[in-house]
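Right, one structure below, let's go through it.
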Amino acid sequence: MIDPKLLRTEPDHVARHLARRGFILNVDMVRSLEARRKAAQKDAEARQAARNARAKAIGRAKAQGEDVTALMAGQEEEARGLAAAEAELGAVQAAWDEFVSTLPNIPAPDVPDGLSAADNVEVRRFGTPPQCPFPARDHVALGENLGGLDLAAAAKITGSRFVVLRAGLARLQRALIQFMLDLHTKEHGYTEVYVPYLVNGESLYGTGQLPKFAEEQFGIAGFPYFLIPTAEVPVTNLARDTIFARSELPLRYVCHSPCFRSEAGAAGRDTRGLIRQHQFEKVELVQIVAPEESVRVHEELTHHAEVVLQRLELPYRVMALCAGDMGFAAAKTYDLEVYLPGSGCYREISSCSNFGDFQARRLNARARLAGPKPELVHTLNGSGLAVGRTLVAVLENYQDADGRVRIPEALVGYMGGETVLSPQARQSTPP
RNA sequence: GGAGAGAUGGCCGAGCUGGUCGAAGGCGCUCCCCUGCUAAGGGAGUAUGGGGUCAAAAGCUCCAUCGAGGGUUCGAAUCCCUCUCUCUCCGCCA
């Protein structure tokens with residue numbers, strides 16, 4: 001949430017910054033709601049003060065055994081007036097909250113201008129796309145050839161945008177998860193957490209998925225719960241309604257979880273293969289830090305995600321998202337894009353964002369730092385990495401002319417020493 | 001699923017026969033004193049959010065908040081109702 005004080009006092013300033021994202025702030029709405037709020041609050045509080053003073057006077061009088069009938073006289077009208085004033089205040093506040101909760105975050109000053117992905121800026125690049133002496137197959141062809149990727153089975157069990165993995169591919173996915181968790185816990189100083197995969201509405205509000213993106217969430221019929229779209233939601237919500245001591249920060253969490261997305265707005269996009277699924281595995285990095293740390297930590301966290309790609313020797317580039325291409329809650333975002341020979345292009349495999357105090361304000365997540373008052377913390381997260389897409393990248397980058405797939409050096413230990421996946425008929429795991 | 005107990009400030013914990021209770025006491029924290037150092041000791045302060053006043057800060061002042069929401073009442077942490085969560089016992093179960 002945008003700082004309501006800033007919004008009230010400098011609506012034009014906020015409007016200018018939001019315009020960079022292509023978001024038109026209704027400044028008149030801000031002004032009129034604020035005027036109405038101020039009047040309603042003054043009125044309601046004056047009436048409450050009068051009621052409190054009267055009640056105290058009655059209490060004092062009674063304690064001294066005095067007659068209080070005079071003080072008690074003519075209360076109904078004032079009670080009605082107070083009730084009406086409180087109702088008006090409540091209505092204005094509800095309208096304000098509803099309005100403010102749908103405003104996206106203000107982009108950081110160094111976020112590139114632009115309104116679409118075409119305006120994103122390449123920051124750096126690692127590795128070079130492999131020169132294939134044979135026509136590169138995509139991951140679906142490779143996976144099916146290996147006998148371990150079965151989209152038809154998933155479609156039968158559930159529907160489209162799901163997958164069944166078998167044998168070597170199932171193990172390769174598990175190896176990737178294990179490798180990422182070990183890297184981040186042992187070398188990057190993150191604490192592994194296990195969290196619920198169903199969350200309540202408050203948690204989705206806290207990280208910014210609600211109220212604006214309700215149609216993208218999977219709900220649970222009969223329960224007020226939602227399947228998590230990313231581990232960011234439960235993990236960041238660990239900080240909700242909490243006041244941290246300075247010594248407790250930074251909090252660095254790594255969490256593997258499945259992610260569930262309705263992909264409501266993506267009908268017809270990426271319909272082939274594992275790129276866009278309703279369910280996928282992800283290893284997520286989350287940090288809760290003091291405000292002055294977040295810009296530095298954002299670079300650091302992005303680097304932590306990059307190391308995964310470097311160790312897997314997958315070519316990638318780092319893109320600074322332009323203001324118009326960033327997510328709702330982000331102040332600044334770097335996307336990591338991995339090269340996929342099957343489609344001959346770079347594809348997003350990680351998104352690393354600094355949210356500033358935007359999520360913290362919604363979460364009421366604070367820390368005692370320099371001053372006497374608790375301050376809002378800053379939150380960050382990034383995929384480290386999206387496992388499904390990493391699996392795609394490994395298959396496509398490590399294929400040979402015969403359709404076999406080498407195991408990246410970093411994963412051999414996690415594959416029980418196996419160095420290659422070879423085509424085989426669909427079957428159970430070999431003995 | 002059945003029966004019972006509970007939810008209070010950063011933490012623990014009184015208050016719960018309704019009236020200066022935003023709330024005793026302790027711990028922690030901050031500042032000061034004492035102390036050769038350390039330990040111990042003494043004093044003061046210390047909830048959060050919002051409004052008004054002010055050029056601004058400080059200060060002053062008002063409002064809200066004792067799990068959440070509703071009700072009773074001139075007045076609710078205290079009484080009533082609903083819900084949520086935690087704990088104990090029983091049952092069931094991976």
Side-chain angles (χ1 to χ4, degrees), chain A residues 1-10 30-101 194-206 210 220 222-226 234 237-249 251 288 290 357-377:
Chain A
M1 198 159 71
I2 292 178
D3 182 1
K5 228 173 240 172
L6 182 69
L7 191 58
R8 282 199 299 258
T9 55
E10 312 266 4
V30 174
R31 290 223 168 83
S32 71
L33 276 174
E34 167 61 2
R36 211 178 127 203
R37 188 222 104 234
K38 192 173 264 186
Q41 184 163 346
K42 274 186 169 176
D43 182 40
E45 290 190 353
R47 290 175 191 274
Q48 286 168 331
R51 176 204 60 196
N52 292 346
R54 193 165 57 238
K56 270 186 184 170
I58 291 172
R60 262 195 305 272
K62 266 198 171 172
Q64 292 170 7
E66 295 170 11
D67 179 43
V68 296
T69 50
L71 287 166
M72 305 270 281
Q75 297 304 310
E76 301 82 33
E77 197 177 332
E78 298 197 28
R80 269 199 304 277
L82 175 59
E86 286 180 334
E88 162 66 4
L89 180 58
V92 186
Q93 275 171 344
W96 174 266
D97 289 346
E98 192 186 334
F99 177 71
V100 175
S101 66
Y194 171 82
V195 294
Y197 300 153
L198 296 180
V199 295
N200 57 36
E202 288 78 54
S203 292
L204 282 170
Y205 176 86
L210 288 184
I220 306 294
F223 293 87
Y225 302 147
F226 300 85
N237 270 275
L238 287 169
R240 175 145 58 94
D241 295 322
T242 305
I243 300 176
F244 296 101
R246 159 145 255 157
S247 59
E248 294 176 276
L249 302 180
L251 257 42
I288 313 288
D357 63 14
F358 187 88
Q359 290 183 327
R361 186 169 289 108
R362 291 172 159 247
L363 293 161
N364 192 25
R366 298 169 295 171
R368 292 187 193 283
L369 302 168
K373 295 285 181 192
E375 300 172 49
L376 292 168
V377 297

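In what follows, chains are A, B, ... by sequence order, proteins preceding strands, each numbered from 1.
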Inter-nucleotide [atom1] distance ([N], [M]), Å rounded:
N      : M      : atom1 : value
G15(B) : G22(B) : C1'   : 13 Å
A40(B) : G18(B) : P     : 45 Å
G10(B) : U17(B) : P     : 26 Å
A47(B) : G13(B) : C1'   : 16 Å
G26(B) : C80(B) : P     : 32 Å
A14(B) : G25(B) : P     : 15 Å
A3(B)  : A77(B) : C1'   : 27 Å
C66(B) : U61(B) : P     : 23 Å

May I ask you to verify if any side-chain N or O of [X] is less than 4.0 angstrom from the OP1 or OP2 atom of [N]?
X         : N      : result
Arg37(A)  : G50(B) : no
Lys38(A)  : G52(B) : yes
Arg47(A)  : G51(B) : no
Lys373(A) : U48(B) : yes
Asn52(A)  : A64(B) : yes

Rounded to whole angstrom units, what separation is found between the [atom1] atom of [X] and the [atom2] atom of [N]?
X         : N      : atom1 : atom2 : value
Glu86(A)  : U65(B) : CD    : C1'   : 14 Å
Arg80(A)  : C74(B) : CZ    : C1'   : 15 Å
Phe223(A) : U84(B) : CZ    : P     : 12 Å
Ile58(A)  : U20(B) : CD1   : P     : 13 Å
Arg60(A)  : G75(B) : CZ    : C1'   : 13 Å
Arg54(A)  : C63(B) : CZ    : C1'   : 16 Å
Glu45(A)  : C63(B) : CD    : C1'   : 4 Å
Asn364(A) : A68(B) : CG    : P     : 13 Å

Looking at [options], which one has an atom nearest to any side-chain atom of [X]?
X         : options                : value
Arg368(A) : G50(B), A47(B), C63(B) : A47(B)
Pro374(A) : G52(B), U48(B), C63(B) : U48(B)
Gln41(A)  : G10(B), G50(B), C63(B) : G50(B)

Residues Arg80(A) and Glu77(A) bridged, charged N to O under 4.0 Å:
no
Side-chain ion pair, Glu202(A) and Arg240(A), N-O less than 4.0 Å: no
Report yes or no: do Gln48(A) and Glu86(A) form a side-chain donor-acceptor pair below 3.5 Å? yes
Please determine whether side-chain contact (heavy atoms from CB on, under 4.5 Å) holds for the pair Val30(A) and Trp96(A), giving the CA-CA distance in whole Å, both sets of side-chain angles, and the decisive distance to 0.1 Å. CA-CA 8 Å; Val30(A) 174; Trp96(A) 174 266; 4.3 Å; yes
For this session: Decide yes or no for Arg54(A) and Leu71(A): does some side-chain heavy atom of the first lie under 4.5 Å from some side-chain heavy atom of the second?
Result: no
Would you indicate what [X] reaches in the nucleic acid, counting non-hydrogen atoms under 4.0 angstrom: base, sugar-phosphate, or nothing?
X         : answer
Arg361(A) : nothing
Lys62(A)  : base
Arg246(A) : nothing
Arg51(A)  : sugar-phosphate

Watson-Crick or G-U wobble partner of [N], both distances under 3.5 Å:
N      : result
C92(B) : none
C74(B) : G19(B)
G41(B) : C33(B)
G25(B) : C12(B)
A47(B) : U65(B)
C87(B) : G4(B)

Comparing nearest nucleotides in RNA chain B, the 5'-proximal residue of the pair Ala50(A), Gly59(A) is Gly59(A)
Residue pair Phe223(A), Leu198(A): steps toward the side-chain contact (heavy atoms from CB on, under 4.5 Å) verdict
CA-CA 10 Å; Phe223(A) 293 87; Leu198(A) 296 180; over 6 Å; no
- Query: Do the side chain of Asn237(A) and the main chain of Ser203(A) share a donor and acceptor less than 3.5 angstrom apart?
  - Reply: yes
- [ ] Verify, without hydrogens or angle tests, whether Arg47(A) (side chain) and Ala83(A) (backbone) share a donor-acceptor contact under 3.5 angstrom.
- [x] no
